[in-house]
Number of protein chains: 2
Amino acid sequence: MVAAGGRGRRVTIADVADHAQVSTTSVSKVLRNAYGVSPAMRLRVQAAIDELGYRPHNAARAMRGRTFTIGVLLPHISNPFFAEILDGLTEQLGGTDYQAIIIQGGLDDASERRAVDALVDRQVDGILMVAPLSSKSRLEEVAAGTPTVVLGPHERSTVYDSVNDDDEAGTELVVEHLIRLGHRRVAHIAQRDLGRGRPATTLHVIRERTYRRVMTEHGLADGIAVATTSYTEDGGHRGAYELLARDPRPTAIFAGADLAAFGALAALHEAGLAVPADVSLAGYDNTRSAGLAHIALTTVDQDGVMMGRTAGRLLLERIGGRTSSVRFSVTPALIVRRTTAPPSDSSQVT
Amino acid sequence: MVAAGGRGRRVTIADVADHAQVSTTSVSKVLRNAYGVSPAMRLRVQAAIDELGYRPHNAARAMRGRTFTIGVLLPHISNPFFAEILDGLTEQLGGTDYQAIIIQGGLDDASERRAVDALVDRQVDGILMVAPLSSKSRLEEVAAGTPTVVLGPHERSTVYDSVNDDDEAGTELVVEHLIRLGHRRVAHIAQRDLGRGRPATTLHVIRERTYRRVMTEHGLADGIAVATTSYTEDGGHRGAYELLARDPRPTAIFAGADLAAFGALAALHEAGLAVPADVSLAGYDNTRSAGLAHIALTTVDQDGVMMGRTAGRLLLERIGGRTSSVRFSVTPALIVRRTTAPPSDSSQVT
DNA sequence: GCAGTCGTGGGTAACGTTACCCATTCCTTG
DNA sequence: CAAGGAATGGGTAACGTTACCCACGACTGC
């Protein structure tokens, strides 16, 4: 096998055809294993391919059809939960000819739009949009042109598939856990809604709404306190400060994401408050860090690997021709660790 | 502006030419702002482009030359330090027509090779390889075909540019800090060398070597203890357990990366040891989490944003035609927080 | 034994863009 | 005033692959 050096002209399908003494059409057929090629032909062409070290030219393929590329839109790569999703996706794509490429969507609508356009321009065969900010109509516009799976938002659409965690169930689990421990003032750190035209379908909106509902259902409407920042370390930090300044101070905080919980943990520490003795804290996502002994965060597990795997499968199915729309939901589980406990007497100033 | 719907034929340069009553050549010239187009022509074509909502077809461009795509190879997206590098790169690329796409290289040589091949197959205009596992000859092979910047390894090459932290200086800072505090048994958590044919140039090898050198220079060769796992939370966790089992037990641990330090922190906590009272702990990278109050990790800052920005600039220069090779090195700084302190008497069993 | 069918291989026109030319007009300069 | 050059616009042949045809031989079934 000849190494495909950088300088020389690249090996094309025509070179392979010459070398194998067949037509380019036949080589192409072997490549896509299309109908109408004998085993002998297949072997012959395969040998020529190996000998010449031929690699298909992606751009040329793209002009005619497939690129064998899956585009993944991520708001930002720093969220460790996304890494799990990606691991699942990669696992599912292994063994196929498809390759995942990642693009960062950023923090606002406009830059997300640019990122998705970049994916579309590059003719990816499928798009996985993770926790997108875009409006439903925008998502459907994208999905009309490219097979699309949306991970996160709870909207059901007829043109794309959805994968999500049952955020309502997860939020119920964690809020009820805190209430059952005896907390009556359970605060919440939410994320500001940056998307446009998305009334109540993003996961952070659902988490906040469910939090309010559960509190109300338990007769604790008075204990509701929400700091709206963002699902980041910094957001959690600011949110906790905001909540601690309230009077009376909450005895428990439910952060909408682990990352925010970490920031809140830092803020509580700075404020000289012990967790869980003074304030209980819970997150959402069960990221790897949450399980570490020195953090031991109570949180909600939502199996990101499984979500990524499923998203990959659905995408391949759609590329394969499925047009019906699928919705897949993961059932979350509460993971109780050491950041939640019954409220102490001192904090129980009712 | 007409939305470029998914189903209909896409708007091509020919449509624009028709609409503006000019030739496709002229449209192409405007697009690439090439020489030989009058201001009037430019305006006229620009108007047609806007009116039709034309977007260049990337694959078609790729067949003739540029793709305006920068490929970024990341071992794994979960490392928060990579996020900083990417932020720097994105910042540098903003305003240009270039788009960064990310691809995960994974944990071994073979899968990294596959990822880079995928980038090359997709005709990216430039490649940024972050902390690659590949051998130098492999890197040069890639660089021969595509403008390349390598971030991490300290190898100097004539065919690609290098960006790195001065890992020797950084390691000296942190190890000497621990020694100055009075520690004599300073252990180290290193990363297993997975690459092939890379004698002593990956950053983890340099950190370990420098650690050994500094210890020896201070007459503390007997205090050297290295656990070779990986720069991950899990690796740090396992590494710390391994080190704590030694007799005599180290009084300080220098983890080669913050992520590993977090894992070590958990292990120390599980073992019932206080930080820094029983054991001091230091990391490397100054990731965002390291600064949070409840962690307050002593670590080495290496300005990932600046590294990413520089890598982007060098890549653009190379794409622009520079052939000389550049090496850029960031000077690290020690950030002392609350995980390091003089050894306590109880642990000072010499 | 003949029409119809199946299996196999190849010819060729796109796909959308750009780089290399050439043609025309107008302006400069000796 | 003629010759040369600058400025501007356009024609056209690639780039590498695939999808749609068609051609040819061999086999089937009546």
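Residue numbering restarts at 1 for every chain, and letters A, B, ... go by the order of the sequence lines.
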B/Arg32 has a side chain; which of C/dG9, C/dT17, C/dA19 sits nearest to it? C/dA19
Interatomic distance, A/Asp15 CG vs D/dC15 P [rounded to whole Å]: 11 Å
Assign each of B/Lys29 and B/Arg64 the nucleotide of DNA chain D bearing its closest heavy atom; nearer the 5' end lies the nucleotide of B/Lys29
Assess, by modelled atom type and distance only, whether the side chains of A/Ser157 and A/Glu140 contain a donor and an acceptor separated by less than 3.5 Å. yes
With a 4.0 Å limit, can you tell me whether B/Ser26 has a side-chain N or O closer than that to the phosphate oxygens OP1/OP2 of D/dG10? yes
Using heavy atoms to find the nearest nucleotide of DNA chain D for B/Ala60 and B/Gln21 separately, return the residue whose nucleotide is more 5′. B/Gln21
Rounded interatomic separation in angstrom, taking CZ from A/Arg44 and C1' from C/dG10: 14 Å
Quiz question: by atom type and distance under 3.5 Å, do the side chains of B/Arg122 and B/Thr69 form a donor-acceptor pair? no
Short N/O separations, protein against nucleotides 6-8 of chain C, under 3.5 angstrom:
from  : atom 1 : to      : atom 2 : distance (Å)
C/dG7 : OP2    : A/Tyr35 : OH     : 2.9

Which one, C/dG11, C/dT18, D/dT18, comes nearest to the side chain of A/Ser23? C/dG11
Among the nucleotides C/dG11, C/dT17, D/dG10, whichever has the atom closest to the side chain of A/Thr25 is C/dG11
To the nearest angstrom, the CG-P distance between A/Asn58 and D/dC15 comes to 19 Å
A/Asp18 CG to C/dG10 C1', straight-line distance once rounded to whole Å: 14 Å
Separation of C/dT18 C1' from B/Asp125 CG (nearest whole Å): 14 Å
Which nucleotide sits closest to the side chain of B/Met63: C/dG10, D/dT18, D/dC15? D/dC15
Donor-acceptor pair, B/Ser325 side chain versus B/Tyr160 backbone, under 3.5 Å? yes
Starting at OG1 of B/Thr323, measure out to CD of B/Glu317 and round the result to the nearest 0.5 Å. 12.0 Å
Just the rounded figure in Å: distance from P of C/dT18 to CD of B/Gln123. 14 Å
I need the single residue from A/Arg327, A/Arg318, A/Arg156, A/Arg313 that forms a salt bridge (charged side-chain N to carboxylate O under 4.0 Å, His left out) with A/Asp161. Which is it? A/Arg318
Whole angstrom value for the distance that separates P of C/dC15 from CZ of A/Arg66: 17 Å
Taking atom C1' of D/dT18 as reference, at what distance in whole Å does atom NE2 of A/His57 sit? 14 Å
Would you say D/dG16 has OP1 or OP2 under 4.0 Å from some side-chain N or O of A/Thr12? no
Per the side-chain contact (heavy atoms from CB on, under 4.5 Å) rule, which among A/Val142, A/Thr146, A/Ile101 passes with A/Leu119? A/Ile101
Check the pair B/Asp97, B/Arg55 against salt bridge (charged side-chain N to carboxylate O under 4.0 Å, His left out), reporting the backbone distance first and the verdict last. CA-CA 12 Å; B/Asp97 287 334; B/Arg55 298 189 61 91; over 6 Å; no
